[in-house]
Amino acid sequence: QVQLVESGGGLVQAGGSLRLSCAASGRTFSSYDMGWFRQAPGKEREFVAAISWGGSITDYADSVKGRFTISRDNAKNTVFLQMNSLKPEDTAVYYCAAQVHGSSWYDPLQYAYWGQGTQVTVSS
């Protein structure tokens, strides 16, 4: 079992940057693919980015490509989301999630473990 705790959210002006962290418990962290999702009020949870268990493969939603970067440090059981050039439409609760390698990255139902979320608010 994996427990996930996000941190790093906050209030930032448009054009600014934030770095989210997701700390995982458990000795099997390196065997999971990791994803970031977000959910704005009144909207469905949407895929943001994902990274393979070894860190060599990543993918991003079109809306964040070129602005966000996902990375992981398996020695520290942590996954990161560097968010640059933030826009008001990036405002949401951001969640990290873990899944067994081989499942679809884009479907939240394929993730077995979730963090509690961290709020990101981008002001215009």
Side-chain angles (χ1 to χ4, degrees):
Q1 188 163 348
V2 177
Q3 292 184 325
L4 304 172
V5 179
E6 301 97 334
S7 61
L11 174 64
V12 64
Q13 288 188 335
S17 299
L18 283 173
R19 189 191 195 203
L20 304 184
S21 299
C22 173
S25 64
R27 291 178 289 179
T28 59
F29 172 75
S30 60
S31 65
Y32 290 93
D33 292 348
M34 298 296 296
W36 284 96
F37 287 75
R38 65 187 182 187
Q39 188 166 19
K43 295 189 176 181
E44 293 187 351
R45 192 167 296 190
E46 65 172 356
F47 170 80
V48 175
I51 188 167
S52 61
W53 62 272
S56 62
I57 303 172
T58 60
D59 200 9
Y60 299 89
D62 288 343
S63 59
V64 307
K65 227 170 251 186
R67 300 188 298 122
F68 291 10
T69 302
I70 188 171
S71 61
R72 67 190 296 164
D73 185 340
N74 284 344
K76 296 182 178 180
N77 281 11
T78 305
V79 62
F80 305 97
L81 186 68
Q82 178 67 44
M83 305 187 295
N84 299 328
S85 302
L86 282 161
K87 305 175 181 180
E89 51 264 43
D90 294 319
T91 295
V93 177
Y94 283 71
Y95 299 89
C96 70
Q99 64 159 235
V100 175
H101 178 67
S103 302
S104 167
W105 280 0
Y106 314 106
D107 181 1
L109 295 178
Q110 299 300 317
Y111 288 79
Y113 304 104
W114 290 84
Q116 83 290 348
T118 186
Q119 176 71 47
V120 171
T121 303
V122 184
S123 62
S124 57

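Since this is a predicted model, take the numbers as computed values, not measurements.
For Lys65, the salt bridge (Lys or Arg N to Asp or Glu O under 4.0 Å) partners at least two apart in sequence or on another chain are Asp62.
Atoms CG and CZ, from Leu86 and Arg67 in turn, are 6.5 Å apart once rounded to the nearest 0.5 Å. Rounding to the nearest 0.5 Å gives a distance of 8.5 Å between CD of Glu44 and CD of Gln39. Distance OG/Ser25 to CG/Leu4: 7.0 Å, rounded to 0.5 Å. In this structure, CG in Leu20 is found 8.0 Å from CZ in Phe68, a value given to the nearest 0.5 Å. Taken from CE in Met83 to CZ in Arg19, the straight-line distance is 11.5 Å, to the nearest 0.5 Å. Here the OG atom belonging to Ser123 is positioned 5.0 Å from the CG atom belonging to Leu11, to the nearest 0.5 angstrom.
Phe37 belongs to a hydrophobic cluster whose remaining members, ordered by chain and number, are Phe47, Ile57, Val93, Tyr95, Trp105, Tyr106, Tyr111, Trp114; membership requires side-chain heavy atoms of ILVMFWY residues under 4.5 Å apart, directly or through intermediates.
Enclosure of atom CD in Gln119 by more than 12 non-hydrogen atoms of other residues, nucleotides or ligands within 6.0 angstrom is indicated.
Closest non-hydrogen pair, Ile70 versus Thr58, comes out as CG2-CG2, 3.7 Å. Annotation for Asn84 and Ser17: closest pair OD1-OG, 2.9 Å, computed over non-hydrogen atoms. Residues Ser124 and Ala14 share a closest heavy-atom pair of CA-CB, 4.4 Å.
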Check residues 74-81 and write down every donor-acceptor pair under 3.5 Å in which the side-chain atom is one partner and the other belongs to a residue at least two apart or another chain.
unit_1, atom_1, unit_2, atom_2, d
Asn74, OD1, Arg72, NE, 2.8
Asn74, OD1, Arg72, NH2, 3.3
Asn74, ND2, Trp53, O, 3.0
Asn77, ND2, Ala24, O, 3.4
Asn77, ND2, Gly26, O, 3.0
Thr78, OG1, Lys76, O, 2.8

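Judged by distance alone, the side chain of Glu6 and the main-chain N or O of Cys96 form a donor-acceptor pair under 3.5 Å. Panel note: side chain Thr91, backbone Val122; a donor-acceptor pair is recorded below 3.5 Å. Under a 3.5 Å cut-off, the side chain of Gln99 and the backbone N or O of Ser104 do form a donor-acceptor pair. Proximity of a side-chain donor or acceptor of Tyr32 to a complementary backbone N or O of Ala97 within less than 3.5 Å is not detected.
Under the 4.5 Å side-chain criterion, counting only non-hydrogen atoms from C-beta, Val2 is not in contact with Met34.
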